[in-house]
Amino acid sequence: MFKIAKRNLPELLRAIAAEQELYLPVNISGQTNFAVWTEGTEADLDTLKTVKSPKDMFFPQSETLYTVKKENKKLSIQPEALREQRFVAFGMKACDIQGIKVLDKVFLAEPIDTFYAARREHGTIVALACHEPEETCFCKVFGVDCAEPDADVVMWAVGEMLYWKPVTEKGKALTESVSGVLEAADEADEKAVSDEQDNIRAIVEKLPYTNLSLEGWDGNATDAKFNSPVWEKLFKPCLACGTCTFVCPTCQCYDIKDYDTGHGVQRYRCWDSCMYSDFTMMAHGNNRTSQMQRFRQRFMHKLVYFPANNDGMYSCVGCGRCVDKCPSSLNIVKVIKAFEKEAVDQ
Amino acid sequence: MQEIINRAKELLADGTVARVLGWRIGDLPYNPEPSYFETAEDLEKNFVYDGFCGANLSKYMIEGSKLEGKTLVFLKPCDTYSFNQLIKENRVDREKAYIIGVGCKGKLDVEKIKAQGIKGILSISGAEIEGDAETLTVNTLYGDKTVAYKDAMLERCHVCKGKEHMIFDEEIGESKDTKDADRFAEVEKIEAMKPEEKFAYFQKELSKCIRCNACRNVCPACSCRKCVFDSTKFDSAQKANADSFEEKMFHIIRAFHVAGRCTDCGECSRVCPQGIPLHLFNRKFIKDIDEFYGDYQAGADAESKGPLTSFTFGDVEPGVTGGRR
Amino acid sequence: MQRIGVFVCHCGSNIAATVDVKKVVEMARLEPGVVHAEDYQYMCSEVGQAKIAAAIHEKHLTGVVVCSCSPRMHEATFRKAAEKAGLNPYMVEIANIREHCSWIHKNIEEATEKAVILARAAIAKVNLNAPLKAGESRVTKRALVIGGGIAGIQTALDIADAGYEVDIVEKTPSIGGRMSQLDKTFPTLDCSACILTPKMVEASAHEKINIYTYSEVEKVTGFVGDFTVDIRKKARSVDMTKCTGCGVCQEKCPSKKAPSEFNRGLNNRSAIYTPFAQAIPNVPVIDREHCIKFKTGKCGLCEKVCQAGAIDYTQKDEIITEKYGAIVVATGFDTIKLDKYDEYAYSQSKDVITSLELERIMNAAGPTKGHLERLSDGKPPKNMVFIQCVGSRCSDNRGKSYCSKICCMYTAKHAMLIRDKYPDVNVTVFYIDVRTPGKNFDEFYRRAVEDYGVNYIKGQVGKVAPQPNGQLLVQGVDLIDNKQILMEADMVVLATAIEPDPSVRKIATMLTASIDTNNFLTEAHAKLRPVESPTAGVFLSGVCQGPKDIPETVAQAGAAAVKAIGLLAKDKLMTNPCTAKSDELLCNGCSQCANVCPYGAISYETKLINDHGIREERRVAVVNNALCQGCGACTVTCPSGAMDLQGFSNRQILAEVDAICR
Amino acid sequence: MSITANEEFRPKIVAFCCNWCSYAGADLAGSSRLTYPADVKIIRVPCSCRVNPMFILRAFEKGADGVIMCGCHPGDCHYSTGNYYARRRMALLFSMLDYIGVEHGRTRVEWVSAAEGVKFSQTMNEFVAKITSLGKNVRLEDLRCRK
């Protein structure tokens, strides 16, 4: 394990950025999101959760797939190059990383999404343990340990120090490349980190959502859950916006569109939301015509369909972003609780 | 609050209304959700009206108007403007609504509390509608904190249009004047900037936009069945975020479409997950409309013609205004 | 995908001298959808048109772009040519490469490049064109004239003379209108009744004219060529078929306290009355408010004395529904109320009167039997003061901003008539300007000044103060001599501004005809369509459109009649196919589009809509193609884009924008 | 950007002209041989009230450097009231563009009658000069449209 004083963080960042592109949480007019580091960029490691999850480092909100050039009446297709430069995702949290694992299930399964795969291959994840978990967090429900993220490198912020532990080969290689600014940690440091972990885990136990029960939610629950009358009551406040989807670390649906540039067409994909009325719109219309159906889809997917197809893995990681951001204060926790209540009532 | 609940129960019991549209108590101290209630028991147990009930319920009455029987809807003073505007545009049915105008002492924004570094909120006291608390006490995982009520208020409450209900069947509860800022001060500040500063400001703010459409979907004026950005008629992207132009197009056109109809209810800014001050677009139009065509408050009534569907012979010329010539 | 043919015209050297037409042809070939492109000397010639026709046949074209002169010149030509060749005429678009290109640019390279872009834009548009078909609607060959004054009478006579049925609806018991109240007319000093009465008689006797007096328009539906109108025939309480007009009932009626509307309230009339001696129809009306029988149930004297047995107290209002092809509005005017002009003491002194009241006083059938006398004491006046522009040309909101147009002339007339008949009466006129544009008008005015010694003072009157001795102290200013004037007068006559009759507002709303801020009906075009309302099938006659005197009114009445006849002469109307169209799946029913439609072409229907499986009743906008003129105001007001304009659709215009900018 | 830096710069300018007045005014400018730069391309609309703010933004998106809308003089609209609505819409839109920092003068409204060929040509000359001095529109373009 290594360490660096927090005040020397810029040096570390500079050292990483010298080697490869660096993404990290940055506060831009009041909101913290992952952004590219350039000289002078100030890292915001105090904000627990970025507004958007860091998934767009691997699965950007919008990316070009290929370009069609039109010259006179001739068309030529230029495929978009894969992203093959190495980069570092600095400061991701345990839940976000779990989110990436969910995306892996989707994009790295056959047929492999080459755009995503290239980014995954070239990205190194430097995680930061959650110093002060918040009331909207419920990662533990999904088996995530925010005191020990599963990353290439894990960091802990304790007092004035930042501890740095390489875990994977990628992590070790990165550590090697920035070893000049890191100090080796000693036993006292190890102790500080394990204390921090204990602290974090103790707080997690006190979080209001920590003991949320997922009983009854699994890959076999399709009929029971799908046909429940609870949805009809639950969905009503939903505005059909895409906030939950777009801040979610696991939502992976995208739309493919063409943009007429005047001299050709750019075919691109962009995040889509199952909350939108034109989601999966087909020539005959839409297969989900009501907002209730769309609302149900989102949660059925996260808690039933996804585990059904992925060995029981839920596609919710308990980051709580939807809890924070839903304009109508609606979220997956309220959904789970409503079903719990229904079960009790019956 | 009990008075409100009691009245709602009465109206349910005597058959005046078939259901109640209000706010359901949340599972965190600050997240009540808009909700229907159909039984006295549900109301008694789960109804809440406190400082965090910022959501404007008027738009829900578009769907509410389609339901059988009357719906009791609780509207705050600013919400009634939206409701009037929706009546004017035939989007809600006045006959299907029984409106109780509820008092308002300024609505709270949990983001503002969190912005003061308060994390791990377990409970908040002082947000109750009954009290006249000047301070909120926040109990958190990391100790007790206090925040001045004023500092936790939504932006819109600082420039409140007044605590008078524009339309109601009855009124319950007291209000408190919360206006302590000039409604157009922020707009004027931007107007005074140099073009490149203005551009930089909006570029920075709009670059945060994730095209989630929350602002549009919550907006009572954006009541289109299908938004022009969702239809194929203009080939305009609704969710791409591929170039910064798209956000400008979306937000300018959205503001334009609601110009003269926007009541300045502030819901767009309240719901924006990225904290973009979207009201600055609408308020610019409102300010211009006031200056060019005379003071106009959308939703002050349900009949008047809006400024963009009327004119006078001597209207200002485009470009003479806006500092162009 | 369309199959588009592009035809580039040289226009002799008009285009070809600055635009490389061959290059335009060559570049056009590369555009999507283009399957044919050629150039020719004169595309508009027989040979040129034949080339287009040939290509349509041979290449199975679905769309045509002609790069030529302005579409304002030859769009119709090329559309007709295409139609003859079997192509829908609206599949033709013009790229204006002459007026907008070859004639203004000198550099061949630049002009050619621009011509290519203009062609590209037209091609992009045609790619999205859809065949449009002009609609047809039938024409009911009957006209409605609202208002039975000189304007309405003249319009009705002209339309009837052309052989069409005309109904006149007049709200008072008799036709005749304001003109019947006038004594003499300027500048000839004809007796008003002498020239009006024959017209009234002619109208009532005309076999094609049907007059509804004491009636009002209640409801109007439909559109140009096919209006349906409900007319409320108010209960007259006198059976028109039986009454002989003997007048005994009026003589015997014991209730004689009702103010006479005809005499502007200067004297009273009986409860059963005809407004004036020459009234048409000469059938009295019972004013139920003043009738003792109606008030107390007693009396019934008129019924007893009526030998014809025409009195019918049980009569009720009757609604007549009739169809019309054209509607002419001739609702006329009234004088404004003077309650905001206290300084002239109108409400304080009986001797301060309006000019219209003076007309009645001067008239032999008027309240003073034509003797000029003070209404306060019946004495003949010695000094009379006329004040001009009372409420006209007003810059504050007390009066009207416009000039009432007739006052200068009638005041000169009054002054002249008084000086002629009563040479010892001193007449002073205070004026802002004397406006005498009109044939023989200025001569008339000069006679008043020069031959009749009328004292004209340029200046305004600040105050008219009634004195204890019954005199009126007039305080004015003489702007030419720049001095204050104080003079005593026995009578003061106010040239009161005129305004559209208040009934016009309701009628305009029913007709969806637009009115301006002064309540004058708006013309379809201020210069080029002055007697038509923007609402198709509605025409304007007389002062309802703007202040005018009798000859102008008669002239406009004739013009309105011609326009109505032009419409009625058609069996069917072809409607412009470039009209707005609402996509009912997108429509919110918010009514904003209807608010900006100048033609009242948009209405709302509640329909069962099937929106991709969701079935619900929705309020949706429906455009009446017969009324829509295709301006597009609604399309921009519509936030959801439900409202679109055929021939100039959103996607078409955007395609042009894209083609130009790329 | 200065004028000198842009000697080679040829602006793209879209002009929306109403059919009845300003399009005819442009025709008159043509038949009177009154020149203005070829950078101006006219799109015919029935009335200025047909011009949707989206059309204007779309032009900028696709690379236009200036957009001008011409209509009948207020009071002379063929449809009697169209240009009054257009005037309000554009007054607000332009003010908004100014507000978000789009340079002054990239948008303009001018009322041109069918008899005002001279005015049409003068207006276009002025407008092209103005846009040339402003240089390329970079604040409202969609970068994907760059060649």
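All values below were derived from every heavy atom in this structure, side-chain atoms included, with hydrogens, water molecules and symmetry-related copies excluded. Reminder, nothing fancy here: chain letters follow the sequence lines and each chain counts from 1.
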task = For chain C, find which of D/Cys18, D/Cys145, D/Pro37, D/Ala86 contributes the most heavy-atom pairs closer than 4.5 angstrom.
result =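 Answer, by heavy-atom pair count under 4.5 Å with chain C: D/Pro37.
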Interface check, chain C: of D/Ala24, D/Pro53, D/Gly82, most non-hydrogen pairs under 4.5 Å belong to D/Ala24
Comparing C/Ala633, C/Ala121, C/Cys578 against chain D, the one with the most heavy-atom pairs below 4.5 Å turns out to be C/Ala633
Top contributor to chain D contacts, counting heavy-atom pairs under 4.5 Å, from C/Gly630, C/Ala111, C/Cys69: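 It is C/Gly630.
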Nearest heavy atoms of [X] and [Y], plus distance in Å:
X	Y	result
D/Pro46	C/Leu645	CG-CD2, 3.5 Å
D/Cys49	C/Cys631	SG-O, 3.5 Å
D/Ala59	C/Cys661	O-SG, 3.6 Å

When the 4.5 angstrom heavy-atom criterion is applied to D/Val14 and chain C, the contacting part is side chain
With a 4.5 angstrom heavy-atom cut-off, is it the side chain or the backbone of D/Val51 that approaches chain C, or both, or neither?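 Backbone of D/Val51 only, per the 4.5 Å heavy-atom cut-off to chain C.
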Could I get the full list of side-chain contact (heavy atoms from CB on, under 4.5 Å) partners for C/Ala594, not counting sequence neighbours?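 Per chain and number, C/Ala594 pairs via side-chain contact (heavy atoms from CB on, under 4.5 Å) with C/Ile602, C/Tyr604.
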Sequence neighbours excluded, the answer for side-chain contact (heavy atoms from CB on, under 4.5 Å) partners of C/Ala508 is C/Ile515, C/Leu521
Would you check if D/Ile43 and C/Phe648 make a side-chain contact, meaning some heavy-atom pair closer than 4.5 Å?
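A side-chain contact is absent here, since even the closest heavy-atom pair is not under 4.5 Å.
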Interface of chain C and chain D, donor-acceptor atom pairs under 3.5 Å:
unit_1   : atom_1 : unit_2  : atom_2 : d
C/Ser70  : OG     : D/Asp27 : OD1    : 3.4
C/Ser70  : OG     : D/Asp27 : OD2    : 2.3
C/Arg72  : NH1    : D/Asn19 : O      : 2.6
C/Glu75  : OE1    : D/Arg44 : NH2    : 3.4
C/Glu75  : OE2    : D/Arg44 : NH2    : 2.5
C/Asn96  : ND2    : D/Tyr23 : OH     : 3.3
C/Asn96  : ND2    : D/Asp27 : OD1    : 3.0
C/His100 : NE2    : D/Asp27 : OD1    : 2.9
C/His105 : ND1    : D/Tyr36 : O      : 3.0
C/Glu110 : OE2    : D/Arg10 : NH1    : 3.1
C/Lys114 : NZ     : D/Val40 : O      : 2.7
C/His525 : NE2    : D/Asp76 : O      : 3.4
C/Lys527 : NZ     : D/Asp76 : OD1    : 3.0
C/Ala633 : O      : D/Arg89 : NH2    : 3.0
C/Thr635 : OG1    : D/Arg50 : NH1    : 3.1
C/Thr637 : OG1    : D/Arg89 : NH2    : 2.8
C/Asp644 : OD1    : D/Arg50 : NH2    : 3.2
C/Phe648 : O      : D/Arg50 : NE     : 3.0
C/Phe648 : O      : D/Arg50 : NH2    : 2.8
C/Asn650 : OD1    : D/Arg50 : NH1    : 3.3
C/Asn650 : OD1    : D/Arg50 : NH2    : 2.7
C/Asp658 : OD1    : D/Arg58 : NE     : 2.9
C/Asp658 : OD2    : D/Arg58 : NH2    : 2.8
C/Cys661 : O      : D/Lys12 : NZ     : 2.5

